[in-house]
Undergrad: 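Take this structure, written in structure tokens, and hold onto it; I'll ask about it next.
All of these numbers come straight from a predicted model, not from anything done at the bench.
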Amino acid sequence: NTIYIGANPIENPPVELLTQNKESINEYYDSMQEDTTTLNEAKIIFVGDGSVGKTSLMKRLINNSFNIEEEQTDGIDIQSYDIFLKCGSKINASIWDFGGQQILQATHQLFLSKRSIYVLVIEDRKNDLHKDHDIDKWLTQINSLGGNPSILIVKNKTDENPNSDIQKNKLQNKFKNIDSFHEISCKTNKGVKKLKSALDNAIINLPMRKIELPINWINVKNDLKLKSDKDDLLYLNTYDDICTKHDIKSNIAKTTLLHLLHDLGSVIAFEELSSHNTAILNPHWITEGIYALIRSNTLIINNGIITIKQAQKALDSYVDHLRFTKKAQYILDAMITFNLCHRTSNNDEFLIPILL
Ligand code: GDP
Ligand code: MG
């Protein structure tokens, strides 16, 4: 009657499994085809304040270019960063770079996941009394996700200020998951090569990319990837259908796979939003929806208060309006999950305090 945990492709078998009867446990294992393959995917997240050089670093890493007039990133930019292993296989990594505007930074919490690699970019300005506190703030936020992901700390613009007084030992004692410190200049390319090899190593050693998955689970992931080219959203009954098509019938297996896909960034599926039966395939959809509300005139005129109806109107008048039909409540609920929005005593009104 013992379950052979070692056979489970997920490094930690889902806790839900422990409370199940024998049938459900069998159903879970039946939903995994015997052939497995290494996941070989990785999500790298660049964090840091605006204009420290995150986008410049991404460009250095991807095509070794530099633009002294780099424009501010709006929303999220996701670029692929593939790594070829000696054995011939490839890791599909992607770098997530976020826009820096202060008011929008809170939105990016939606995309931080505990099984990623983090690159914290800082700029060591002269006479900046707050910088230690800044590093601390970012590291604390990353570690609040749990999972102790690897973090590379990168001080950029050393061409302007070569002196460094970052208290490495102190930080390392407090945050054990710091992988390494780097001092670079995206302008002169100094230190970038060393940083790249540390990053590549972190990707190769990332536990998530080494996961062995049954072929049919990988096939679900691939189907969703295709679907994301044309659809912004994934309704959970559609997800069920895709799982069924690939012989995944166990509910625990479906949930486990959905969590994994969420950690990978393939879908955005928060537990808190499960009553909507809707997950997100296109990360730009949710950022644009949130920006549309934050930037709406109604909100500015009404001191941060917006009704569902006004929210829907703001969404509908944004770029491609059909994309947000009847989604005001969903977007507001997503914002509530991250404290970007609060319910008021009037059920129909919401407070978005971000501009206040
Ligand atoms: P982000 O907001 O963090 O993405 O920062 P950007 O990559 O857009 O860079 C902000 C500005 O700093 C741009 O004008 C860049 O050209 C400039 N910049 C980036 N890296 C360096 C560097 O190493 N040295 C200098 N002098 N300027 C840099
Ligand atoms: Mg940028």
Undergrad: Taking the six-membered ring where the residue is Trp, are the ring centres of Trp138 and Tyr118 under 6.0 Å apart?
TA: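 No, they do not, as the ring centres are separated by 6.0 Å or more.
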Undergrad: Closer than 3.5 angstrom, by distance alone: can the side chain of Thr158 be matched with the main-chain N or O of Ile184 as a donor-acceptor pair?
TA: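 Yes.
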Undergrad: One pair to check against salt bridge (charged side-chain N to carboxylate O under 4.0 Å, His left out): Asp241 and Lys245. What are the steps and the verdict?
TA: CA-CA 6 Å; Asp241 292 346; Lys245 177 181 145 200; over 6 Å; no
Undergrad: Looking only at the side chains, is there a donor atom on one of Gln310 and Thr307 sitting less than 3.5 Å from an acceptor on the other?
TA: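 Distance-only check passes for Gln310 and Thr307.
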Undergrad: Does Asp82 come within less than 4.0 Å of Lys90, counting only side-chain N to carboxylate O?
TA: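 Looking at Asp82 and Lys90, the cut-off is met.
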Undergrad: Looking at Leu233, is its backbone amide N or carbonyl O close enough to the side chain of Asp231 to form a donor-acceptor pair, meaning the two atoms are under 3.5 Å apart?
TA: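 Such a contact is absent between Asp231 side chain and Leu233 backbone.
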Undergrad: One pair to check against salt bridge (charged side-chain N to carboxylate O under 4.0 Å, His left out): Glu160 and Lys187. What are the steps and the verdict?
TA: CA-CA 10 Å; Glu160 287 181 344; Lys187 188 175 177 187; over 6 Å; no
Undergrad: Under the side-chain contact (heavy atoms from CB on, under 4.5 Å) rule, what do Leu257 and Val220 come out as? Steps first, then yes or no, please.
TA: CA-CA 9 Å; Leu257 178 56; Val220 170; 3.9 Å; yes
Undergrad: Evaluate the side-chain proximity of Thr278 to Leu234: yes if any heavy-atom separation is below 4.5 Å, no if none is.
TA: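 No, their side chains stay 4.5 Å or more apart.
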Undergrad: Sub-3.5 Å donor-acceptor pair from the side chain of Ser250 to the main-chain atoms of Ile252, do we have one?
TA: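 Such a contact is found between Ser250 side chain and Ile252 backbone.
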Undergrad: With under 30° as parallel and over 60° as perpendicular, where do the rings of Phe338 and Phe270 fit, or are they tilted in between?
TA: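 Perpendicular, since the angle between the ring planes exceeds 60°.
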Undergrad: Answer yes or no: is there a side-chain heavy-atom contact under 4.5 Å between Lys227 and Tyr239?
TA: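 Contact flag for Lys227/Tyr239 side chains = no.
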Undergrad: Looking only at the side chains, is there a donor atom on one of Glu70 and Ser56 sitting less than 3.5 Å from an acceptor on the other?
TA: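 Distance-only check fails for Glu70 and Ser56.
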Undergrad: Take the angle between the ring planes of Tyr28 and Trp217 and call it parallel below 30°, perpendicular above 60°, tilted in between.
TA: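 It falls in the perpendicular class, over 60°.
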Undergrad: Please walk me through it: do Asp159 and Lys190 pass side-chain contact (heavy atoms from CB on, under 4.5 Å)?
TA: CA-CA 9 Å; Asp159 56 289; Lys190 186 189 145 248; over 6 Å; no
Undergrad: Counting distance only, does the side-chain N/O of Asn148 pair as donor-acceptor with the main-chain N or O of Asn177 below 3.5 Å?
TA: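 It does not hold such a pair.
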Undergrad: Look at the side chain of Asn346 and the backbone N and O of Asp348, then say whether any donor-acceptor pair between them is shorter than 3.5 Å.
TA: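 Between the backbone of Asp348 and the side chain of Asn346 there is a qualifying donor-acceptor contact (under 3.5 Å).
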Undergrad: Locate the shortest heavy-atom distance separating Leu39 from Met208; write the atom from each residue and the value.
TA: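 Minimum heavy-atom separation between Leu39 and Met208: CD2-O, 3.6 Å.
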Undergrad: Going hydrophobic residue to hydrophobic residue with side-chain gaps under 4.5 angstrom, can you get from Leu85 over to Leu213?
TA: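 Yes, it is one cluster - the side chains of Leu85 and Leu213 are joined through contacts under 4.5 Å.
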Undergrad: I would like to know whether Glu123 and Lys157 meet salt bridge (charged side-chain N to carboxylate O under 4.0 Å, His left out); could you show each step before the answer?
TA: CA-CA 6 Å; Glu123 179 185 353; Lys157 305 198 187 181; 3.6 Å; yes
Undergrad: Answer yes or no: is there an ion pair linking Lys254 with Asp240, defined by an N-O contact shorter than 4.0 Å?
TA: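 Answer for the salt bridge query: yes.
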Undergrad: Salt bridge (charged side-chain N to carboxylate O under 4.0 Å, His left out), that's the test. Do Asp333 and Arg343 meet it? Break it down for me.
TA: CA-CA 9 Å; Asp333 282 348; Arg343 284 177 208 289; 3.5 Å; yes
Undergrad: Under the side-chain contact (heavy atoms from CB on, under 4.5 Å) criterion, do Leu260 and Arg115 qualify, and how do the steps go?
TA: CA-CA 9 Å; Leu260 182 71; Arg115 297 206 251 191; 3.7 Å; yes
Undergrad: Whether the side chain of Lys43 engages the backbone of Phe111 through a donor-acceptor N/O pair (distance < 3.5 Å, no angle test) should be reported.
TA: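 Such a contact is found between Lys43 side chain and Phe111 backbone.
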Undergrad: Just by distance, no angles: are the side chains of His276 and Ser274 close enough, under 3.5 Å, to form a donor-acceptor pair?
TA: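 Judged by distance alone, the side chains do not pair up.
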Undergrad: Taking Ser113 for its side chain and Asp263 for its backbone only, find out whether a donor-acceptor pair lies under 3.5 Å.
TA: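 Yes: the side chain of Ser113 pairs with the backbone of Asp263.
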Undergrad: Side chains of His246 and Gln33 only: does a donor on one sit below 3.5 Å from an acceptor on the other?
TA: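 Not at all, the side chains of His246 and Gln33 share no donor-acceptor pair under 3.5 Å.
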Undergrad: Whether Arg323 and Asp316 form a salt bridge (side-chain N of Lys/Arg under 4.0 Å from carboxylate O of Asp/Glu) is what I want to check.
TA: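 Looking at Arg323 together with Asp316, the answer is no, because their closest N to O distance does not fall below 4.0 Å.
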Undergrad: Step by step, would you call Ile95 with Ile78 a side-chain contact (heavy atoms from CB on, under 4.5 Å)?
TA: CA-CA 6 Å; Ile95 298 181; Ile78 305 166; over 6 Å; no
Undergrad: For Asn173, I'd like to know if atom CG has over 12 heavy atoms of other residues, nucleotides or ligands within 6.0 Å.
TA: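 Yes, CG of Asn173 has more than 12 neighbouring heavy atoms, counting only those of other groups under 6.0 Å.
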Undergrad: Taking Asn216 for the side chain and Ser31 for the main chain, is one N or O donor matched with an acceptor at less than 3.5 Å?
TA: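 Pair found, side chain donor or acceptor close to backbone of Ser31.
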Undergrad: Okay, side chain of Asp97, backbone of Phe46: is any donor-acceptor separation there less than 3.5 Å?
TA: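 Between the backbone of Phe46 and the side chain of Asp97 there is no qualifying donor-acceptor contact (under 3.5 Å).
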